[in-house]
Amino acid sequence: MKSLSDVDISYNNLQGPIPDNKAFQDAPIEALEGNKDLCGNVRGLRPCNPPWIFALLPSVDSASTDEANALLKWKASFSNQTQSRLPSWTLLSHNATNSKPSTSPCAWFGIKCNSARSVIKINMTGFGLNGTLHEFSFSSFPNLKYFDLSMNSLSGNIPSQIANLSKLTYLDLSTNQFSGGIPIEICLLTNLQVLHLVQNQLNGSIPDDMGRLRYLEDLALHSNRLHGSIPASLGKLSNLAYLYLYNNSLSGSIPLELGNLNNLLELCIDTNTFTGPIPSTFGNLKKLIVLSAFHNNLSGPIPLEIGNLKTLSNLSFSENNLSGPIPASLGGLRSLTLLHLYQNRLSGPIPEELGNLISLTDLELSNNQLSGTVPASFGNLVDLEYLYLRHNKLSGSIPPELRNLVKLIQMELDENQFTGYLPQNICRVSLQIAGNNISGRIPPEIGNGTQLQELDLSSNHLVGEIPKELGKLTSISRLNLGSNQLFGGIPPEIGALTNLEILNLSGNNLSESIPEYLGNFIKLHYLNLSNNKFNQEIPAQLGNLPILSKLDLSHNLLRGEIPSQISNMESLEHLNLSHNCLSGFIPKNFNEMNRSLEVDISYNDLQGPVPDNKAFQDAPIEALEGNKDLCGNVRGLRPCNPSFTRYEHMSRNKLVFSITFPLLGALLLLLASIGIYFILQKRKKDASTEHSEELLSISDFDGNILYSDIVKATDNFDDAYCIGKGGYGSVYKTKLPSASIVAVKKLHSLPNGERNFRKEFLNEIKALTEIRHRSIVKLYGFCSNAQHSFLVYEYLEKGSLATILNEEEKATELDWNFGTAKLMKLDSSNWTEVAGTYGYIAPELAYTMKVTEKCDVYSFGVLALEVIKGKHPGDLIPSLSSPLTRENMVLKDVLDQRLPIPPPEVQDEVIQMLNIAITCLHANPQSRPSMNMIAPLLSV
């Protein structure tokens with residue numbers, strides 16, 4: 001165009017770039033203003049984007065142009081990176097067929113048009129869109145039916161203008177970052193068949209008018225922050241097949257009207273806070289395949305009508321407050337593959353009819369109050385892969401029919417009251433039967449489960465040796481046999497289990513040495529061998545365990561020095577070597593161990609300085625006490641003498657010694673001569689003093705001779721003669737030259753600050769030697785000097801009460817008539833000395849450190865309860881302080897499960913004894929009775 005001297009196109013409906021010539025470029029803004037959307041390099045106009053070249057081209061279709069302009073405007077609101085992902089979203093000057101200009105978006109990515117070249121489908125799912133819907137012109141798309149923007153990064157509110165998409169049948173805005181409420185205008189989209197708004201940040205309630213969407217087949221609002229109740233109007237959506245409301249904060253009761261959704265296939269309302277009952281109208285949902293209502297606060301019984309849902313495949317009511325029995329009608333759900341009822345308050349027996357669910361692969365009934373036996377009909381569930389029955393009140397033996405479940409991967413039966421023997425070959429991958437009353441030996445056939453990855457048989461009454469066949473379980477990562485009555489050594493075949501991550505053999509009677517091959521278990525992060533009878537030395541190979549976080553070897557008979565290699569365990573967080581017979585110095589390289597390490601080395605024979613390490617310096621004195629002669633800058637320990645700094649002493653500058661030794665030589669010779677003289681004189685004096693201090697007037701024995709005989713007979717208290725260890729000392733069995741066999745309790749060394757206590761204690765011991773009573777173990781005497789302090793008792797051949805109760809045959813011999821009589825009558829000769837033993841000590845001793853008669857009363861209560869229960873009462877003791885617990889207590893729950901229920905005439909005596917024991921265990925010492933009060937109650 002030739003140059004014009006003057007141009008004025010103001011106040012029209014023009015858009016796009018102005019011509020690139022002098023007339024337009026130099027025109028004043030007044031000659032261009034008032035148009036729809038002009039652009040160009042003119043002051044007062046915005047710069048043009050490349051797509052605006054279409055403005056110089058004649059329009060092909062004004063409707064198509066409006067849709068294209070609307071999409072381009074929306075594109076312009078995105079981030080630059082998002083815009084670059086839509087290269088096809090631009091207007092072309094011509095098309096390939098007729099060279100005529102085109103303004104249609106029909107060929108753009110994600111866009112589909114009808115025959116009239118109007119947009120009917122926008123599908124931009126998963127394209128990384130980053131922006132909002134605020135610049136989207138909903139009114140520009142009158143024919144849009146399908147709108148999918150899922151899996152992007154769109155944010156902001158859902159605009160109310162969405163109601164302009166009146167022909168919309170499919171709307172999916174899922175997996176974005178939309179916030180605010182669901183606009184009520186969505187309820188005007190009456191042609192909608194699919195509405196997906198899942199996994200956003202939507203809040204507010206579900207609009208009550210949602211029931212107007214009568215053609216809706218799929219409604220998914222899950223994984224948002226919606227609250228309020230489910231609108232009853234949803235019951236009008238007769239075409240609805242899928243309703244997903246889970247993972248919100250919805251509350252209130254479930255509307256009965258949902259039972260009108262006759263075409264519903266899947267109903268998922270779990271992970272909300274719904275209350276009230278499960279509607280019985282759910283029984284009308286005859287086409288239902290999935291019913292998921294877990295993790296709510298639903299209460300009441302499971303409706304019998306649920307048994308009408310014959311097509312049901314998945315049923316989950318777990319993690320609620322449901323009560324009552326499991327309906328036998330559930331046995332009619334032959335299509336069921338998953339049944340989850342765990343973590344409720346369901347009671348009563350497991351219905352035999354559940355054995356009819358032959359398609360079941362996952363059955364979880366754990367954490368309820370179910371009782372009775374496991375139905376033998378479970379042997380019919382041949383497709384079952386997961387069986388969880390843990391933490392109930394189930395009893396009886398484990399049905400051998402479970403061996404038919406050849407596909408079983410994981411079975412959890414722990415925390416019940418099962419008795420009998422362990423069945424053979426009943427699980428492939430994970431077997432957990434902890435916390436029951438299973439007895440007998442571990443069957444060798446368990447080694448046939450070569451795919452087993454977890455085996456937990458802890459807290460039962462298993463006896464015998466660990467079967468060597470366990471060495472075949474080379475895939476196992478977790479092995480827990482703790483708190484049983486296993487004995488013997490750890491078989492060498494266990495060395496093949498190099499995939500072990502957790503190994504717990506604590507609380508048994510295992511003996512011999514700790515195998516060196518445990519150092520090959522480089523995946524191990526938890527090793528607990530405590531409360532056994534392992535002797536010999538700690539193998540240095542344990543230092544090869546790089547990721548071990550907990551090592552507990554406490555309460556054994558381990559001897560020798562602590563291996564320095566333990567310091568190589570860089571991941572170690574808990575180290576417990578307490579209550580052993582370890583001796584020597586703590587290795588110097590322990591200074592380099594983990595600063596956050598929790599350590600306990602108490603009650604050994606260790607000496608010398610504790611490591612200069614935060615773990616040891618910050619350790620409580622209880623973790624260090626009871627050793628031979630530890631020292632250091634730790635509260636409760638004495639400062640170290642220079643002689644104990646042997647590590648620094650050996651590393652000093654050799655030049656200093658080479659200079660000082662010649663000069664000191666003559667002086668040392670002189671001092672040695674003088675020293676020897678005084679030492680000899682002092683020894684004579686100390687000998688007479690020592691003998692006078694250690695001697696007590698003991699009938700049938702001479703004190704000095706007795707002391708010498710016991711030290712000699714025990715080879716200076718060698719561990720070979722040790723038959724037990726306690727909080728205050730170790731017990732040794734020894735035969736005196738007079739052929740008398742005695743039990744010697746060697747006390748742990750007293751700290752320097754307790755010399756006055758020794759004098760008072762000696763006076764008490766002298767009094768005790770004069771006591772003769774049929775219910776008290778005879779004390780022959782007490783010897784004490786600077787080296788040793790020990791009590792000499794009559795030796796009882798049958799051993800301790802704990803030993804009898806832990807051995808199956810002896811425990812069953814102690815029936816209710818014999819056992820009750822021994823406990824009730826005062827002429828018993830089998831009382832066990834328990835004061836000072838862990839688990840029998842009164843709680844107030846932890847803070848008063850003052851022993852009173854009421855402490856002994858507490859220990860008596862523990863002992864009485866132990867006889868009744870057949871094992872130490874443990875965690876039952878604190879619960880007895882609750883009146884509610886005592887009122888709800890059932891007698892059979894606290895009796896020794898290995899014995900039959902006592903006859904009525906004996907039950908009265910047992911109940912009386914139980915009541916006495918409970919009063920003795922009162923947390924407040926002043927509320928406990930005295931033994932003078934208890935004695936008449938025990939008389940028969």
Side-chain angles (χ1 to χ4, degrees), residues 1 9 12-21 24-25 32 35-42 45-156 159 161 164-165 176:
M1 186 174 185
I9 57 173
N12 284 287
N13 198 28
L14 302 174
Q15 58 182 322
I18 64 173
D20 188 15
N21 69 17
F24 282 89
Q25 297 295 322
L32 305 174
N35 280 286
K36 183 176 182 180
D37 193 13
L38 289 177
C39 64
N41 190 21
V42 176
L45 294 183
R46 67 173 184 83
C48 292
N49 291 327
W52 282 110
I53 61 174
F54 81 92
L56 300 178
L57 306 175
S59 175
V60 175
D61 187 317
S62 60
S64 192
T65 300
D66 287 345
E67 291 174 344
N69 289 338
L71 290 173
L72 289 171
K73 184 179 180 182
W74 186 41
K75 173 188 174 182
S77 70
F78 294 153
S79 64
N80 291 335
Q81 183 179 6
T82 302
Q83 291 184 40
S84 65
R85 293 177 180 174
L86 298 171
S88 64
W89 283 31
T90 184
L91 290 173
L92 304 176
S93 59
H94 60 84
N95 58 40
T97 58
N98 53 21
S99 298
K100 293 183 178 179
S102 172
T103 59
S104 172
C106 297
W108 294 359
F109 172 83
I111 305 298
K112 184 177 180 180
C113 299
N114 59 15
S115 58
R117 302 180 66 78
S118 178
V119 176
I120 60 172
K121 181 176 183 180
I122 300 177
N123 185 358
M124 303 294 295
T125 180
F127 205 67
L129 302 182
N130 190 341
T132 69
L133 287 176
H134 297 158
E135 298 299 324
F136 187 88
S137 177
F138 293 96
S139 59
S140 298
F141 300 93
N143 297 309
L144 191 64
K145 294 183 178 181
Y146 188 104
F147 197 21
D148 189 347
L149 302 177
S150 61
M151 293 188 288
N152 285 290
S153 298
L154 297 171
S155 58
Q161 291 83 355
N164 292 326
L165 304 179
N176 280 285

Modelled atom types, side-chain donor and acceptor of Asp148 and Ser150, under 3.5 Å
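The answer is yes; a qualifying pair exists.
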Main-chain N/O of [Y] paired with [X] side-chain donor or acceptor, under 3.5 Å:
| X | Y | value |
| --- | --- | --- |
| Gln161 | Phe138 | no |
| Glu67 | Val119 | yes |
| Gln83 | Ala76 | yes |
| Asn152 | Gly128 | yes |
| Trp74 | Thr132 | yes |

Donor-acceptor pairs are to be reported for all side-chain atoms of residues 107-115 against protein atoms at under 3.5 Å, with residues two or more places apart or in another chain.
{"unit_1": "Trp108", "atom_1": "NE1", "unit_2": "Ser88", "atom_2": "O", "d": "3.2"}
{"unit_1": "Trp108", "atom_1": "NE1", "unit_2": "Thr90", "atom_2": "O", "d": "3.3"}
{"unit_1": "Asn114", "atom_1": "OD1", "unit_2": "Ala116", "atom_2": "N", "d": "3.0"}
{"unit_1": "Asn114", "atom_1": "OD1", "unit_2": "Arg117", "atom_2": "N", "d": "3.2"}
{"unit_1": "Asn114", "atom_1": "OD1", "unit_2": "Ser118", "atom_2": "N", "d": "2.9"}

Heavy atoms only: give me the nearest [X]-[Y] pair and the separation to one decimal.
| X | Y | answer |
| --- | --- | --- |
| Pro19 | Gln25 | O-NE2, 3.0 Å |
| Thr125 | Met151 | OG1-CE, 3.4 Å |
| Cys106 | Ser104 | SG-OG, 3.0 Å |

Got Asn123 and Tyr146 here, is their nearest side-chain heavy-atom distance under 4.5 Å?
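Of all side-chain heavy-atom pairs linking Tyr146 with Asn123, at least one is under 4.5 Å.
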Would a 4.5 Å heavy-atom cut-off, applied to side chains only, mark Phe24 and Ile9 as touching?
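A side-chain contact under 4.5 Å exists here.
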To the nearest 0.5 Å, tell me how far [X] [atom1] sits from [Y] [atom2].
| X | Y | atom1 | atom2 | answer |
| --- | --- | --- | --- | --- |
| Leu71 | Trp89 | CG | CH2 | 4.5 Å |
| Leu149 | Leu154 | CG | CG | 6.0 Å |
| Lys145 | Ile120 | NZ | CD1 | 6.5 Å |
| Asn130 | Ser155 | CG | OG | 7.0 Å |
| Leu129 | Met124 | CG | CE | 5.0 Å |

Is the distance from the ring center of Phe147 to that of Phe136 below 6.0 Å?
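Between Phe136 and Phe147, which both carry aromatic rings, the centre distance is below 6.0 Å.
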